[in-house]
Amino acid sequence: MSHLEKNKIVLSVLAMMCSSLAALPRAHAADDNACLLHRPAPIERQLRRLSITLRGHVPDYEEYASVEGLDIVPDSIVDAYLASDEFRLQMRRFHEQQLHTNPATVALRYNGMTLSESTAETAGSSTKVWNLTSTARRKAYRGGLGTHVCQDLPQSDASLGYVNGVPKCKNIGPDSSGNDVCLEGWVNVAPYWDPANPIKICAFDAQDALTYEKTTNPNPGTYACSDFSAQSQPRCGCGPNLSYCMRSTLEPTIWGDLREQLLRLVDDHATGIEPYSEMLTTRRMYTNGRLDFWKKNLAPTLTYSRTYNEWHTGDAALEQNPDWLDTSWRPVMREAPHSGILTLPAFTLRFQTNRGRANRFRIAFLNQYFVAPSTPDRVGCTDDAADVTERCYCRDCHRVLEPLAAHFAVVSEAGSGLLTDFDKIVYSQSACNAQVLPGSSSVCNRFYAKGQAPDPDDPTKTIPAWRLIPLEYADAHPEVAENFDKGPEALAKQIIADGSFARATVAHLFTFLMRREMNLDPASEDNEIPLLDELAKEFQADDNLPRLAKRIVQLAVFRRMP
């Protein structure tokens, strides 16, 4: 179509719209009923608004022509819009507004297993070699200050090579630390993220051993080189094809997949393929080779001061040999305590604390916000109680928030790893540390709080005990332990059954489609509380989001001027 023809079409549409406006009766200042806001918009405006709302763009010329002379947009056009892929994308935007699915500023990688490029440590060399940036790793490999990388020489050189599978190195004497430095060479490796283009990587970092032997107490045995405990093992490197290490530039790719994982579940339930409410309870999710690769190979190489994303009982089974380059999506099934989008990493990593998850749950699915009282009750409270439900200025919100947050506590805070394989309570520091073998005080510090508990052998006595942090105050608040065991699924089912989820969905979708909130002020003569009641009752019975959207856009209020 030529530029001139396009201009003719635009002018034709504008003329049609102007003609419709001119046909409207003039409003007289003394006639309130003549206000344009009380009149249906011209059909062209109705169609334009409907298309922008449901599809995100204006209609084309043929669509305008198809409604010429009508008063109301026909059902067939509304249905076609609701069945379009553009509506699916609009529903993604709607849920992104509710759930804030943009990647959080949180690291999915461990710096000790992060690769970067440096110049090989040979005088006059310009060769770039990949290596691990961790000072501890470099010190374990090469000695000295832990600042050194390999020399510019292939490890296959006669002066280097291997002894019992371990790279040989050349002693170049002490650095400023006074300790000797021993430098190996580099090897060519096809990295998992681009196997067609091998890279030069320092031979120590490129070691591909799968396991190592721990001979010291406690818990001697064979452990995986991909495990967090292997980070002090000089014989463990990045593994086959560098599978245990990550470039920082790969992290946004994982975040993009985690976001898409959540939105694919939204697609199924927000477009009418599956009941909408089951978005909060389904055990199904979508995954691809890249996410399985991350979960299997990269998530275990962690530090307990960062995000925790290990695989645990209840998670979907992983492929035996996941391929980072496999970006095809497939459905998989999880087990309890998983519950729809509420236990997907894009939600639990975006809202990293149990309180944050509970608060977002209230906002997104109950349309409720915490508002502190203007004059807090100070009777029977203190300002610095360890239990926030007993603090004067905190308790009003936290008496609601803490039991709610307990539902989400089965997923690690600042992570997506389940706590299903951890004991709720242990009675020694060593037992606490051994929750993840071969054991580490970091495990206990991350997941447990020290306190007192009844002696399991003599309930009349109390002894030192370590509880999972979410259950720290469970003795004083038994509902916390109860909700922890029930998980997020029980909470979701409760609000679905009592109708509060339906009411919140109606209110949020009305705001998204109408570009204004419902008037729910009981003191207002024209409040929309009866409309909310009517739509929520219908939606709870129907559980179909596109049909709710159709009801809203066919309301007289949607078709009004301007």
Checklist line | R334/T343 under side-chain hydrogen bond (donor to acceptor under 3.5 Å, both in side chains): CA gap, chis, key distance, verdict | finding: CA-CA 10 Å; R334 302 169 292 172; T343 56; 3.2 Å; yes
Next item on the list: Go through F361 and F351 one step at a time and tell me if the ring-ring contact (aromatic ring centres under 6.0 Å, His included) criterion holds.
Entry: CA-CA 10 Å; F361 180 89; F351 304 101; over 10 Å; no
Item checked: Step-by-step side-chain contact (heavy atoms from CB on, under 4.5 Å) determination, L520 to N527 -> CA-CA 5 Å; L520 302 179; N527 73 71; over 6 Å; no
Next item on the list: In sequence, state the C-alpha distance, the side-chain angles, and the governing distance for L471 and F484, and then conclude on side-chain contact (heavy atoms from CB on, under 4.5 Å).
Entry: CA-CA 8 Å; L471 302 176; F484 178 88; 3.8 Å; yes
Checklist line | C432/K450 under side-chain contact (heavy atoms from CB on, under 4.5 Å): CA gap, chis, key distance, verdict | finding: CA-CA 10 Å; C432 186; K450 185 178 180 181; over 6 Å; no
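Side chains of T282 and H338 form no contact here, defined as non-hydrogen atoms less than 4.5 Å apart. Looking only at side-chain heavy atoms (C-beta outward), L258 and L108 come within less than 4.5 Å of each other. With a 4.5 Å cut-off on side-chain heavy atoms, F293 and D323 do not count as touching. You'll find the side chain of L250 reaches within 4.5 Å of the side chain of W324, heavy atoms only. Residues K486 and E482 form a side-chain contact, since some pair of their non-hydrogen atoms from C-beta on lies under 4.5 Å apart. Looking at V443 and Y304, their side chains come closer than 4.5 Å, going by heavy atoms from C-beta outward. A 4.5 Å side-chain heavy-atom check between W193 and R247 finds at least one atom pair inside the cut-off. Side-chain contact between L318 and W294: absent, with no pair of heavy atoms (C-beta onward) separated by less than 4.5 Å.
The CG atom of L99 sits 8.5 Å away from the CG atom of L263 when rounded to the nearest 0.5 Å. Rounding to the nearest 0.5 angstrom, the gap separating the CE atom in M279 from the NE2 atom in H269 is 7.5 Å. The CG atom of N359 sits 9.0 Å away from the CG atom of L404 when rounded to the nearest 0.5 Å.
Partners of T353 according to the side chain to side chain contact (heavy atoms under 4.5 Å, CB included) rule, which considers only residues two or more places apart in sequence or in another chain, are R355, E413. F422 is linked by a ring-ring contact (aromatic ring centres under 6.0 Å, His included) to H312, F447, counting only residues two or more places apart in sequence or in another chain.
Using modelled atom types, one finds a donor on one side chain and an acceptor on the other under 3.5 Å when comparing N354 with R357. There is no side-chain donor-acceptor pair under 3.5 Å between N288 and S328. A side-chain N or O of Y286 and one of D268 form a donor-acceptor pair less than 3.5 Å apart. Side-chain contact of N519 with D526: a donor-acceptor pair under 3.5 Å is present, judged by distance alone.
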Side chains of residues 498-506: which donor-acceptor partners sit under 3.5 Å, not counting sequence neighbours?
| residue | atom | partner | partner atom | Å |
| --- | --- | --- | --- | --- |
| D498 | OD1 | S500 | N | 2.9 |
| D498 | OD1 | S500 | OG | 2.5 |
| S500 | OG | I495 | O | 3.3 |
| R503 | NH1 | D533 | OD1 | 2.6 |
| R503 | NH2 | D533 | OD1 | 3.2 |
| T505 | OG1 | F501 | O | 2.8 |

Please tabulate, one pair per line, all N/O donor-acceptor pairs under 3.5 Å involving side-chain atoms of residues 69-78, not counting sequence neighbours.
| residue | atom | partner | partner atom | Å |
| --- | --- | --- | --- | --- |
| D75 | OD1 | Q554 | NE2 | 2.5 |

Show every donor-acceptor pair shorter than 3.5 Å between a side-chain atom in residues 83-94 and any protein atom, with sequence neighbours excluded, or say none if there are none.
| residue | atom | partner | partner atom | Å |
| --- | --- | --- | --- | --- |
| S84 | OG | Y81 | O | 2.6 |
| S84 | OG | E86 | OE1 | 3.4 |
| S84 | OG | F87 | N | 3.2 |
| D85 | OD1 | R88 | NE | 2.6 |
| D85 | OD1 | R88 | NH2 | 3.0 |
| D85 | OD2 | R88 | NH2 | 3.2 |
| E86 | OE2 | H57 | NE2 | 3.4 |
| R88 | NH1 | D267 | OD2 | 3.1 |
| Q90 | OE1 | R93 | NH1 | 2.4 |
| Q90 | NE2 | I52 | O | 3.4 |
| Q90 | NE2 | T53 | O | 2.9 |
| R92 | NE | D267 | OD1 | 3.0 |
| R92 | NE | D267 | OD2 | 3.4 |
| R92 | NH1 | E260 | OE1 | 3.0 |
| R92 | NH2 | E260 | OE2 | 3.0 |
| R92 | NH2 | D267 | OD2 | 2.8 |

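Under the salt bridge (charged side-chain N to carboxylate O under 4.0 Å, His left out) criterion, the residue pairs touching residues 310-319 are E319-R330, with sequence neighbours excluded.
Salt bridge annotation for R283-E335: absent, with no cationic side-chain nitrogen under 4.0 angstrom from a carboxylate oxygen. Here D485 pairs with K424 in a salt bridge; the nearest charged N to carboxylate O distance falls below 4.0 Å.
Considering every non-hydrogen atom in both L342 and F347, the closest pair reads O-CD2, 3.4 Å. Across all non-hydrogen atoms, the minimal contact from E402 to V480 is O-CG2, 4.5 Å. For Y473 against A386, the heavy-atom pair with the smallest separation is OH-O, 3.3 Å.
More than 12 heavy atoms of other residues, nucleotides or ligands sit less than 6.0 Å from atom CD of Q452. Atom NZ of K550 has more than 12 heavy atoms from other residues, nucleotides or ligands within 6.0 Å.
For H95 and Y276, the ring centers sit closer than 6.0 Å to each other.
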